[in-house]
Amino acid sequence: MGIKGLTKLIGDNAPRAIKQQDAKALFGRKVAIDASMCIYQLLVAVRMGADNLTNEDGMVTSHLNGLFYRTIRLIELGIKPIFVFDGKPPSMKGGELAKRAEAKKAAEEAAKKAEEDGNLELAEKFARRVNRITPEMMAACKTLVRAMGVPAVEAPCEAEAQCAELVKHGLAYATVSEDMDSLTFGTNKLVRQLWSGVSASAQKKGHTPTEFSLDVLLEDLDLKMHEFVDLCILCGCDYVDGIKGVGVVKALSLMREHKDLAKAVEALKRLDRYEVPDPYPVDALREMFFKPEITAAKDVSLKWGKPDEAAIKKLMVEDNQFDETKIANGIKRLLLARKTSNQVRVDSFFKPKSAPNAGALAAKRKAAALAAKSKGKKRRSPGLSKGKIMKKGKLGNK
DNA sequence: ACTCTGACTCAAGACGAT
DNA sequence: GTAATTGAGTCAGAGT
DNA sequence: ATCGTCC
């Protein structure tokens, strides 16, 4: 998972590195999208009651629905998406990954046992708990985006790292993900919450696409890249636990003081107040970020082509029972969008119609944060009078 | 007093009809 | 009766 | 704008 509190740290110490802006700002740009994150979001959110949408074989299709419309919207906005898919999980993922695996294994075993007992219903329920993106789902997503004329890149390992590689070599302008780890992998631009600015329905949820700039961030935090990576490791990442009592702020001051993860860790060990994870393989940890397993940019070819109408229909309508007219409409939009976005690109003095107030927004937000900080306790006492008291829904018994 | 961490809680997509 | 992951926001309290 | 449906 990302580094906890890193966003706030950047907001407080390097606000120039954060820009809130309309999705239109990405017009004409290529963006490398962390497909797994995108798919996972859709899986979690798109449900009918307790269940995901499924095709007639019971295979989940929630992600396809979302992916289809999101891709159309991006093209309509003149953004060129590249979907980057995860490969194998990295060898070194420690605690977190193991924990997740345990939980899933437990569910799987329960399912198996129930099946042996002949309780098929129960077996099914447990099976459903194993909420994971299957290879089949990944494959369907790749088929879909490719049929839509959008490139799908298969990363050998982590998509984040592959996205960063594409950005570093100019094959994409930014990485699109929610995970701040992208910056640690060295992507110069990271766009979060892009989807909030892409679909009309999401727009007013208070979220705005937000662009992080690594170069500005390093400059304003006064860190070299390797020091920033050290900082992230020190805070705890996917590959090693954090150190109890050390959060982003302390980690930053440690890095400023020692300029080196190994030295910072040594310093912490000397104070016996801290429990440093026992194997703390500094070099191996750094390598996870500096030499991740990726396909070199020069070996990646990206092509944005014409949508393959028949292929889209086969996947969505025939294989997954999506409504034919809806899909046909989507394809129409897609074809139209390609045409217009090409036109617009030629007359590039087309005016963006809504004034981007992003800067003002950010400033406002910052001001509010500062105000809250300085006032602090003042608002505490009267504040609770608001009608905000909600009944906790937990009616324990029935 | 103030700063920081960590435990807790919350919500999560996109569309179109009304 | 039905899940489970993630980041953001809040709050209490440990540590300085 | 809100809400129910999408598969």
Side-chain angles (χ1 to χ4, degrees), chain A residues 1-9 11-12 36-73 96-97 99-100 103-104 106-107 110-111 121-122 124-133 177-181 192-193 195-196 198-207 210 235-236 238 242-253 271 273-274 316-317 319-327 329-330 333 369 372-374 376-377 379-380 383-384 388 390 392-394 397-398:
Chain A
M1 62 175 44
I3 294 92
K4 213 177 7 171
L6 183 58
T7 309
K8 194 166 168 298
L9 184 84
D12 291 344
S36 304
M37 172 133 322
C38 175
I39 294 166
Y40 199 86
Q41 283 180 340
L42 292 165
L43 280 182
V44 169
V46 183
R47 342 183 125 257
M48 264 301 265
D51 300 317
N52 283 109
L53 307 183
T54 58
N55 65 15
E56 63 192 5
D57 299 326
M59 309 295 285
V60 175
T61 56
S62 294
H63 53 303
L64 292 175
N65 191 42
L67 203 54
F68 182 64
Y69 286 112
R70 283 182 171 186
T71 303
I72 292 170
R73 287 294 295 146
E96 285 303 315
L97 204 60
K99 234 182 277 174
R100 271 183 242 170
K104 286 185 179 174
E121 270 185 37
L122 196 62
E124 261 185 53
K125 282 177 185 170
F126 275 113
R128 248 186 276 131
R129 277 191 208 180
V130 187
N131 194 10
R132 63 175 175 226
I133 301 176
S177 173
E178 302 314 310
D179 198 337
M180 298 296 283
D181 277 357
R192 302 175 86 190
Q193 293 166 181
W195 311 114
S196 308
V198 160
S199 74
S201 59
Q203 225 136 18
K204 60 161 58 164
K205 299 232 171 122
H207 290 150
T210 307
C235 292
D238 280 349
I243 297 162
K244 193 165 178 180
V246 178
V248 278
V249 179
K250 195 157 286 179
L252 178 60
S253 65
L271 305 165
R273 165 159 32 96
Y274 294 102
M316 299 299 276
V317 180
D319 296 348
N320 290 292
Q321 293 81 53
F322 279 76
D323 183 81
E324 187 171 359
T325 61
K326 285 183 186 171
I327 297 304
N329 273 333
R333 276 171 65 188
K373 204 173 178 180
S374 64
K377 52 197 162 177
R379 40 172 36 173
R380 185 96 315 162
L384 294 181
K388 282 236 167 140
M390 331 198 60
K392 267 358 233 312
K394 297 275 175 174
N397 41 8
K398 34 192 55 184

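As a basis for the values below, the full set of heavy atoms in this structure was taken, side chains included, without hydrogen atoms, waters or symmetry mates. Chain A is the first sequence line, chain B the second, and so forth, proteins listed ahead of strands; every chain is numbered from 1.
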Hey, is the main chain of A:F322 close enough, under 3.5 Å, to the side chain of A:N320 for a donor-acceptor pair? no
Do any N or O atoms from the side chain of A:N52 and from the backbone of A:V46 form a donor-acceptor pair under 3.5 angstrom? yes
Residue A:Y69, side-chain heavy atoms: nucleotide from B:dG13, D:dC7, B:dA14 that is nearest: B:dA14
Considering only heavy atoms from C-beta outward, does the side chain of A:D179 approach that of A:M37 to under 4.5 Å? yes
According to a strict under-4.0 Å criterion, is A:T7 in side-chain N/O contact with OP1 or OP2 of C:dA8? yes
Between the CD atom in A:E324 and the CG atom in A:N329, the distance rounded to the nearest 0.5 Å is 11.0 Å
Is the distance from OP1 or OP2 of B:dC15 to the nearest side-chain N or O of A:R333 less than 4.0 Å? yes
What's the spacing between A:L42 CG and A:N65 CG if we round to 0.5 Å? 8.5 Å
Nucleotide nearest A:L53 when distance is taken to its side chain, options B:dA14, D:dC7, B:dC4: D:dC7
Protein-nucleotide distance (A:K244, atom NZ; B:dC4, atom P), rounded to Å: 19 Å
Side chain of A:T54: nearest nucleotide among B:dG6, B:dA12, D:dC7? D:dC7
Regarding A:G66, tell me which of base, sugar-phosphate or nothing describes its non-hydrogen contacts under 4.0 Å with the strands shown. nothing
Side chain of A:W195: nearest nucleotide among B:dA14, D:dC7, B:dA12? B:dA14
Please state how far atom CG in A:D12 lies from atom P in C:dG9, giving the value in whole angstrom units. 12 Å
Which nucleotide wins on minimum distance to the side chain of A:N55, given the candidates C:dT5, D:dC7, B:dT5? D:dC7
Taking only the side-chain heavy atoms of A:R70 (C-beta and beyond), determine which of B:dT5, D:dC7, B:dA14 contains the nearest atom. B:dA14
A:L42 has an atom CG; how far is it from atom P of D:dC7, in whole Å? 15 Å
Euclidean distance, A:T71 OG1 relative to A:R333 CZ, rounded to 0.5 Å: 11.0 Å
Is there a side-chain polar atom (N or O) of A:S199 under 4.0 Å from OP1 or OP2 of B:dA14? yes
Take atom P in B:dA11 and the same atom in D:dC3, then report the distance between them in whole Å. 15 Å
Measure the distance from CG on A:N329 to P on B:dA17 and round it to the nearest whole Å. 10 Å
Suppose you measure atom P in B:dC10 against the same atom in D:dC6; what distance do you get, rounded to whole Å? 30 Å
Give one of base, sugar-phosphate or nothing for A:Q41, where a contact means two heavy atoms less than 4.0 Å apart. nothing
What is the distance from CG of A:N52 to P of D:dT5, rounded to the nearest Å? 17 Å
Here the distance between atom P of C:dA4 and atom OH of A:Y40, to the nearest Å, is 9 Å
Measure from CG on A:D51 to P on C:dG1 and round the result to the nearest Å. 17 Å
If you look at every strand shown and take non-hydrogen atoms under 4.0 Å, does A:N320 touch a base, only sugar-phosphate, or nothing? sugar-phosphate
Checking all strands, does A:V248 fall into the base, sugar-phosphate, or nothing category for heavy-atom contacts under 4.0 angstrom? sugar-phosphate
Quickly work out the A:I39 CD1 to B:dA14 P distance and round it to whole Å. 14 Å
Just checking A:V46: base, sugar-phosphate only, or nothing, at a heavy-atom cut-off of under 4.0 Å? base
Indicate yes or no for a side-chain donor-acceptor contact from A:D57 to the backbone of A:M59 under 3.5 Å, with no hydrogens or angles considered. no
Below 4.0 angstrom from OP1 or OP2 of B:dG13, is there any side-chain N or O of A:R73? no
Taking atom C1' in both C:dA4 and B:dC15, compute the distance separating them and give it to the nearest angstrom. 26 Å
Find which nucleotide of DNA chain B each of A:K8 and A:N65 is nearest to by heavy atoms, and output the residue with the more 5' nucleotide. A:K8
Once you apply a heavy-atom cut-off of 4.0 Å, does A:M37 come out as touching a base, just sugar-phosphate, or nothing? nothing
Of the candidates B:dG13, C:dG15, B:dC15, the side chain of A:R273 sits closest to C:dG15
